[in-house]
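Structure first, then comments.
Model, not experiment: these values are computed from the prediction. Values below: all heavy atoms of this structure, side chains included; hydrogens, waters and symmetry mates excluded.
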Amino acid sequence: MLRPPSPVLYVQEKKTAVAGIFGDRHFFDAASFSDIRAARVAVAVPNPQAQPPASRRALLLRYHRLLSSARNDTCAFDETLYITWHDAFRPHLKHTAASLRLEKAAIVFNVGAAASRIAATVSRATEEGVRAACGEFQRAAGAFRAVGEMMEEEEATTVDMSSHASAMLERLMLAQAQECCFERALDAGKSQTVCSKVARQAALYYEEAYAALVAPPLQNHFERSWISHIQLKAALFNAEACYRYTIELHGKTEIGEEISRLQVGIKALVDAKRTARGAPGPLYDYAFRLEQDMNKNMETAKEENFRVYLFRIPAAESLASLPSASLVRSASLSEILNPKTENTTQSP
């Protein structure tokens, strides 16, 4: 049974004030200095989320390109040219430094945030929409990975730009891109084995993101709704992997393993629904419908096993891990900053 696309997460942009950090044109030695200054003013709006995400990305990419063409290095500003950026998830926290590396990394972070917002607003009711969302999530993943690499040499930063947060956000974006691949596989009528592998990999990405969220230093930094959302998504896709895999098992008359794996998947759903508080309602609806489908198949399998096969039901701990297949990757920084993408939504 096909289910409607589930909700996804996107990242809010970091905010900054319109500071006078470019008061000295000699620092950049660029004929287009006034363009650089105007581009930063356009980037530093009080509420970037009020602008369409594609327009925001175009502004950010243009500013980054102007900045890099004027001074393509990671040197420190003069000590009087400090710049401040706020944490995207805890805006009351901020980091101030005289660093061109910080400025560029913050812009790349916001490019990733804009890509994630584009992906989240695309309708995934069509194949074209699913492909577009998948591509944008991969661009977002690459941007967040690049931020972590760019900030490795900085002495301090806000939590959202730390290596831990960058790795978690990359994993989350890859999970959502892989989820799009799962939706495409279902719509294309791929085999249950293929769908199971794709779902299992989505679960693995979500599990990695969740593990990072509930451990220091990210613990308590993100909203509870984010943690519950990712926790429930991990359980959903583990259950989807079990469900699809057991359909193939039933066709092979491997009823004992089918029952055991269905029990594992159902338990994961039940446990996640009980502990994941604050996730979007449609996710709980998705979990409820999936649990219904799995219980229906398990009742059928149990009845057949009782009446015909009498197979032994293997213990859950004896089952091998389900196979997985990743169909996504983090985009490279050159792909992310390509000016040809300023006014387009990318698909993989």
Would you say the side chains of [X] and [Y] form a donor-acceptor pair under 3.5 Å?
X	Y	answer
S334	S332	yes
R40	T16	yes
S163	E152	no
S69	R65	no
Y205	S326	yes

Do any N or O atoms from the side chain of [X] and from the backbone of [Y] form a donor-acceptor pair under 3.5 angstrom?
X	Y	answer
S191	V194	yes
S196	T193	no
H64	L337	no
S260	P314	yes
Q178	A325	yes
S166	G148	yes
N305	F311	yes
D160	A88	yes

*Under the salt bridge (Lys or Arg N to Asp or Glu O under 4.0 Å) rule, collect the residues that match up with D285, sequence neighbours excluded.*
none
_Partner residues of R307 under the salt bridge (Lys or Arg N to Asp or Glu O under 4.0 Å) criterion, sequence neighbours left out_ = E303
At their closest point, which heavy atom of [X] faces which heavy atom of [Y], and how far apart are they?
X	Y	result
Y206	K233	OH-NZ, 3.3 Å
A287	K273	CB-CD, 3.9 Å
A39	L66	CB-CD1, 3.9 Å
P48	K15	CD-CE, 4.0 Å
P7	P280	CG-CB, 4.0 Å
H86	P91	ND1-O, 2.8 Å

Could [X] and [Y] be called an ion pair, given the rule that one side-chain N must be under 4.0 Å from one carboxylate O?
X	Y	value
R139	E136	yes
R329	E335	yes
E207	R200	yes
E240	R244	yes

Around atom [atom1] of [X], are there more than 12 heavy atoms from other residues, nucleotides or ligands closer than 6.0 Å?
X	atom1	value
Q292	CD	yes
K14	NZ	yes
Q219	CD	yes
F288	CZ	no

Separation between [atom1] of [X] and [atom2] of [Y], rounded to the nearest 0.5 Å:
X	Y	atom1	atom2	result
I336	L333	CD1	CG	5.5 Å
L283	L236	CG	CG	6.0 Å
L213	I230	CG	CD1	4.5 Å
D293	Y243	CG	OH	4.0 Å
L327	C180	CG	SG	11.5 Å
I227	L218	CD1	CG	9.5 Å

Any side-chain heavy atom of [X] sitting closer than 4.5 Å to one from [Y]?
X	Y	result
F137	L174	no
L102	M151	yes
I313	Q263	yes
Y63	I107	yes
K190	V198	no
M294	L269	yes
T158	R90	no
E291	V270	yes

Is it the case that one hydrophobic cluster holds both [X] and [Y], taking links as side-chain heavy atoms less than 4.5 Å apart, direct or via other members?
X	Y	answer
V43	L61	yes
Y10	F222	no
Y286	L262	yes

_side-chain hydrogen bond (donor to acceptor under 3.5 Å, both in side chains) evaluation trace for H221 with D87_ = CA-CA 10 Å; H221 191 77; D87 191 291; 3.1 Å; yes
*For the pair K267 and D271, evaluate salt bridge (charged side-chain N to carboxylate O under 4.0 Å, His left out) and give the outcome as yes or no after the intermediate values.*
CA-CA 6 Å; K267 184 179 185 304; D271 290 346; 2.7 Å; yes
*Decide side-chain hydrogen bond (donor to acceptor under 3.5 Å, both in side chains) for T275 and Q231; before the verdict, give the C-alpha distance in whole Å, the side-chain angles of both, and the deciding distance to 0.1 Å.*
CA-CA 9 Å; T275 58; Q231 179 188 9; 2.8 Å; yes
*If a pair satisfies side-chain hydrogen bond (donor to acceptor under 3.5 Å, both in side chains) and one of its residues is in residues 115-124, list it, with sequence neighbours excluded.*
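side-chain hydrogen bond (donor to acceptor under 3.5 Å, both in side chains) check on residues 115-124 returns R124-E183.
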*Applying salt bridge (charged side-chain N to carboxylate O under 4.0 Å, His left out), run through E257 and R261 and close with a yes or a no.*
CA-CA 6 Å; E257 183 180 350; R261 289 196 181 275; 2.7 Å; yes
*For ring-ring contact (aromatic ring centres under 6.0 Å, His included), just list the numbers for W226 and F89, CA-CA rounded to whole Å, side-chain angles, deciding distance to a tenth of an Å, and then say yes or no.*
CA-CA 11 Å; W226 263 54; F89 304 98; 5.4 Å; yes
*Could you go step by step and tell me if Q12 and Q49 meet the side-chain hydrogen bond (donor to acceptor under 3.5 Å, both in side chains) rule?*
CA-CA 7 Å; Q12 301 276 358; Q49 270 64 234; 2.9 Å; yes
*Check the pair E153, R101 against salt bridge (charged side-chain N to carboxylate O under 4.0 Å, His left out), reporting the backbone distance first and the verdict last.*
CA-CA 9 Å; E153 298 182 22; R101 181 184 292 110; 3.5 Å; yes
_Working note: Q138 + S330, criterion side-chain hydrogen bond (donor to acceptor under 3.5 Å, both in side chains); need CA distance, chi angles, decisive distance, verdict._
CA-CA 5 Å; Q138 290 175 87; S330 300; over 6 Å; no
